[in-house]
Number of protein chains: 2
Amino acid sequence: MNLKELAERLGLSQTTVSRALNGYPEVGEETRRRVIEQAHKLGYRPNAHARRLATGRSHAIGYVFPSDRSIIIDPIFSDFIAGASDYQAMQGYETLLHAGGQENEMDVYRRYAEMGLVDGIIVQAPHVDDERLGLLDRLGLPYVVHGRVNDSEEGYAWMDIDNRGAFHKAARLLIDLGHTRIGLLNGLENLTYAWHRRQGYEQALLDRGLGVDPAIMFAGLMTEENGYRQALRMLRLRPRPTALLMSSMMMVSGALRAVHELNLTVGKDVSLIGHDDGLPFLNAEGLVPSLTTTTSSIRAAGARVAELLLARIENPEGELPHELWNVDLILRGSTGPAQRS
Amino acid sequence: MNLKELAERLGLSQTTVSRALNGYPEVGEETRRRVIEQAHKLGYRPNAHARRLATGRSHAIGYVFPSDRSIIIDPIFSDFIAGASDYQAMQGYETLLHAGGQENEMDVYRRYAEMGLVDGIIVQAPHVDDERLGLLDRLGLPYVVHGRVNDSEEGYAWMDIDNRGAFHKAARLLIDLGHTRIGLLNGLENLTYAWHRRQGYEQALLDRGLGVDPAIMFAGLMTEENGYRQALRMLRLRPRPTALLMSSMMMVSGALRAVHELNLTVGKDVSLIGHDDGLPFLNAEGLVPSLTTTTSSIRAAGARVAELLLARIENPEGELPHELWNVDLILRGSTGPAQRS
DNA sequence: TTATGATTTGAAAGCGCTTTGGGAAGGAGC
DNA sequence: GCTCCTTCCCAAAGCGCTTTCAAATCATAA
């Protein structure tokens, strides 16, 4: 069932039927009613490609993961995309995913733009000096960055959570509790969010005249195993760090093993704070003791970034959005005053 | 730069240029060379939608997640899709993702088919009696199921791992080690894979004349917290189960907490076996002691399912593939002989 | 030389939609 | 009566490709 057939069956022209279905005003109310009713009854669906060809709009958003596999493995991305894709679906936009293949990330963007496959891009996991933005600008492809690039905040659209503030707050809490040796288990620091977290952490230490010790700082893949290994390593140092600040719940999970293995007590011998992206399969509250966290729903972020991007697509001349979300520090049972050693 | 311009610049017709680029034989060698060279030089890319409209093929594969959010949260899906999408990208197929929105899963399939958005579908997480297959058949949309539906294995294309065999093997190993009370922490049993695992587990018990005790069986979301809670509950029963068989690494992670909390020793007081999908952020070998697992790469499965689907699309008349992968039982440190209690 | 066939190329139709530029019908205003 | 708006509808062009069908070119054989 295509437009032509539908029009014939209604005794109308394609023009009128198309207009009626797409809500154009210059069509009689009675006619519109008839058209919509019949379209529904006959199960008419406009062909997506024909429409896209005619309008020049693809009604699709692209997500590109580096062929390098270290990114998509991060489970937070699936939750981010779930949030974004959910919102897009409600707005009639499809979600295009590109993972791997032999093509490199920049080439995929180029292809997307030149073939008209997507109307916009969500840039994931920006690194400290990200060359993707320049390319997208040149291609004229609208985009919104989830996170920020380096410290520049102008000239591109972004939405980010206040990672610096979050880790600053968290570190300060620990310091206020009397901790002076606080370990940091961070993500790869060429990614901006990790870099910001480290800045927040270091600033809090410096604010209170505490030194920064590279021996109790780690930056790497946020796996359970790295959480375990690094926590174990740090907690074996003397003087032992009395608190650990961690960038992901997976690392927390690993760190807990280390803590148990050393027969230490969480919240007493060692205080733990982790960043919680709100992943449903790894719950900070369900731990024993429940975990003090910096919390921000990655899924909500996904939905919001999608919203900003669609707004940019509908209105390219609008102002570039810059949105920084506050991150809550939720006090639970895994933090306590420092013990004297 | 579109085909028309390129043709003009070359002094050829669109027909010839199109043919040259698409590898049709009826074009002079010298001409083809010139065309390809110029196309490359001028950065020509055929418009995706025009091509799709003309050919009636979308060169895209769809993945639909139920609006019910309990599925996509499972981190194994992102790894599965990464594998599939990777393969597709190499073959020139896009990946379309649908998560959430107000539309229900069946309606999305209908829309995909009627609007021509995808050439095929990968059906995820089939339940025991899945109504999706019937719909897809009616829509004439090629698909491959990752997993099986109920116990019927004919009439549809599928690829699955031998979940029943895997858990049978695992349970039998434990029994051979002298365990007689073995707990099962499973996924939701309306999903076929979980149902199969339970069958394998029960069969192994029955084979050796052991009874099945519902008190030490759990089926639910495979979260860390459920792993912890259920392991804790079971290990507090008397007589205490001396082994736990688990459907996911997240559950293992939670169970480990419970074991530590009860001051039990893994591999001695309690043996653990988990199913490992090969997720890169949660490594069975990195645990202490390292974990005995049933192992099968979900990423490899994704790539294979995509391969089967593309083959079906290229050749719809071909035989329906039925592919069952053996699952290895990898013996590591978390299993040992049962202690007498 | 001419007929024959093989090899290359092109004109034009078509994929299914949107949108431009009118045009017919009907009512209001003079 | 006539003109002038509205209101509602339509024919046709166009989006950028692929593909059918026909024609041009060229070498070869009779």
Side-chain angles (χ1 to χ4, degrees), chain A residues 1-39 42-60 92 94 111-119 314, chain B residues 1-39 42-60 92 94 111-119 314:
Chain A
M1 170 63 51
N2 59 21
L3 188 68
K4 192 170 159 197
E5 287 170 48
L6 178 61
E8 275 166 8
R9 197 154 322 192
L10 280 159
L12 290 170
S13 73
Q14 295 188 39
T15 311
T16 305
V17 176
S18 171
R19 281 183 173 135
L21 292 175
N22 291 311
Y24 282 67
E26 59 275 73
V27 96
E29 260 328 303
E30 168 60 15
T31 313
R32 162 165 288 133
R33 213 194 38 69
R34 258 183 65 221
V35 170
I36 292 180
E37 182 193 293
Q38 279 295 306
L42 299 175
Y44 167 73
R45 289 276 171 73
N47 178 289
H49 306 303
R51 167 179 281 176
R52 290 168 176 191
L53 179 57
T55 59
R57 296 270 313 269
S58 71
H59 275 264
E94 305 296 332
R111 195 164 55 78
Y112 274 6
E114 287 164 1
M115 299 181 67
L117 273 167
V118 301
D119 289 338
E314 310 284 344
Chain B
M1 170 64 51
N2 59 23
L3 189 68
K4 193 171 160 197
E5 287 169 48
L6 178 60
E8 275 167 8
R9 198 154 320 191
L10 279 159
L12 289 169
S13 73
Q14 296 189 36
T15 312
T16 305
V17 176
S18 171
R19 278 180 179 139
L21 292 175
N22 290 311
Y24 282 67
E26 61 275 74
V27 100
E29 260 330 302
E30 168 59 15
T31 314
R32 162 164 290 131
R33 213 194 38 68
R34 259 182 63 222
V35 170
I36 291 180
E37 181 193 293
Q38 280 294 306
L42 299 175
Y44 166 74
R45 289 277 171 72
N47 177 289
H49 307 304
R51 167 180 280 177
R52 290 169 175 189
L53 179 57
T55 60
R57 296 273 310 273
S58 71
H59 275 264
E94 306 296 331
R111 195 165 55 78
Y112 273 6
E114 288 165 359
M115 299 181 68
L117 273 167
V118 301
D119 289 337
E314 309 285 344

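Every heavy atom of this structure was used, including side-chain atoms; hydrogens, water molecules and symmetry mates were not. Lettering of chains follows the sequences in order, A, B, ..., and the numbering in each one begins at 1.
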What's the [atom1]-[atom2] distance between [X] and [N], to the nearest Å?
X       : N      : atom1 : atom2 : value
B/Gln14 : D/dG14 : CD    : P     : 14 Å
A/Met1  : C/dC17 : CE    : P     : 10 Å
B/Glu29 : C/dT7  : CD    : C1'   : 12 Å
A/Leu6  : C/dT18 : CG    : C1'   : 15 Å
A/Glu8  : D/dC10 : CD    : C1'   : 14 Å
A/His59 : C/dC17 : NE2   : P     : 15 Å
B/Leu3  : C/dG14 : CG    : P     : 19 Å
A/Arg57 : C/dC17 : CZ    : P     : 18 Å

Could you tell me whether [X] contacts a base, only the sugar-phosphate backbone, or nothing, with contacts defined as non-hydrogen atoms closer than 4.0 Å?
X       : result
A/Gly11 : sugar-phosphate
A/Ser18 : base
A/Arg45 : sugar-phosphate

Please confirm whether the shortest side-chain N or O distance from [X] to OP1 or OP2 of [N] is below 4.0 Å.
X       : N      : answer
B/Ser13 : C/dG10 : yes
B/Tyr24 : D/dT18 : no
B/Asn47 : D/dC15 : no
B/Tyr44 : D/dC17 : yes
B/Thr31 : C/dT9  : yes

Salt bridge (charged side-chain N to carboxylate O under 4.0 Å, His left out) evaluation trace for A/Glu30 with A/Arg33: CA-CA 5 Å; A/Glu30 168 60 15; A/Arg33 213 194 38 69; 3.2 Å; yes

Upstream residue (5' side of DNA chain D) when B/Arg19 and B/Leu53 are each assigned their closest nucleotide: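 Result of the comparison: B/Leu53.
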
So which one's nearest nucleotide on DNA chain D is more toward 5', A/Ala54 or A/Val17? A/Val17

Between C/dG16, D/dC17, C/dT19, which nucleotide gets closest to the side-chain atoms of B/Arg51?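 Given the options C/dG16, D/dC17, C/dT19, the side chain of B/Arg51 is closest to D/dC17.
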
Under the criterion side chain to side chain contact (heavy atoms under 4.5 Å, CB included), which of A/Lys4, A/Arg19, A/Glu5, A/Glu8 is the partner of A/Gln14? A/Lys4

My understanding is that only one of B/Thr16, B/Leu21, B/Thr15, B/Asn22 makes a side chain to side chain contact (heavy atoms under 4.5 Å, CB included) with B/Ser18; could you say which?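 Considering B/Thr16, B/Leu21, B/Thr15, B/Asn22, a side chain to side chain contact (heavy atoms under 4.5 Å, CB included) with B/Ser18 is found only for B/Asn22.
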
Are A/His59 and A/Arg51 packed together at the side-chain level, in the sense that at least one heavy-atom pair is separated by less than 4.5 angstrom? no

With a 3.5 Å cut-off and heavy atoms only, can you find an N or O donor on one side and an acceptor on the other between the side chain of A/Thr15 and the base of C/dT18?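 Check fails, no donor-acceptor contact within cut-off.
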
For B/Thr16 and for B/Thr55, find the nucleotide of DNA chain C with the closest heavy atom, then tell me which residue's nucleotide is more 5'.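 With B/Thr16 and B/Thr55 compared, the 5'-side residue is B/Thr16.
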
Ion pair present between B/Glu29 and B/Arg32, side-chain N to carboxylate O less than 4.0 angstrom?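 Looking at B/Glu29 and B/Arg32, the cut-off is met.
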
So does B/Leu10 get a backbone contact from the side chain of B/Arg34, meaning a donor-acceptor N/O pair under 3.5 Å?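 Yes, because the side chain of B/Arg34 sits within donor-acceptor range (under 3.5 Å) of the backbone of B/Leu10.
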
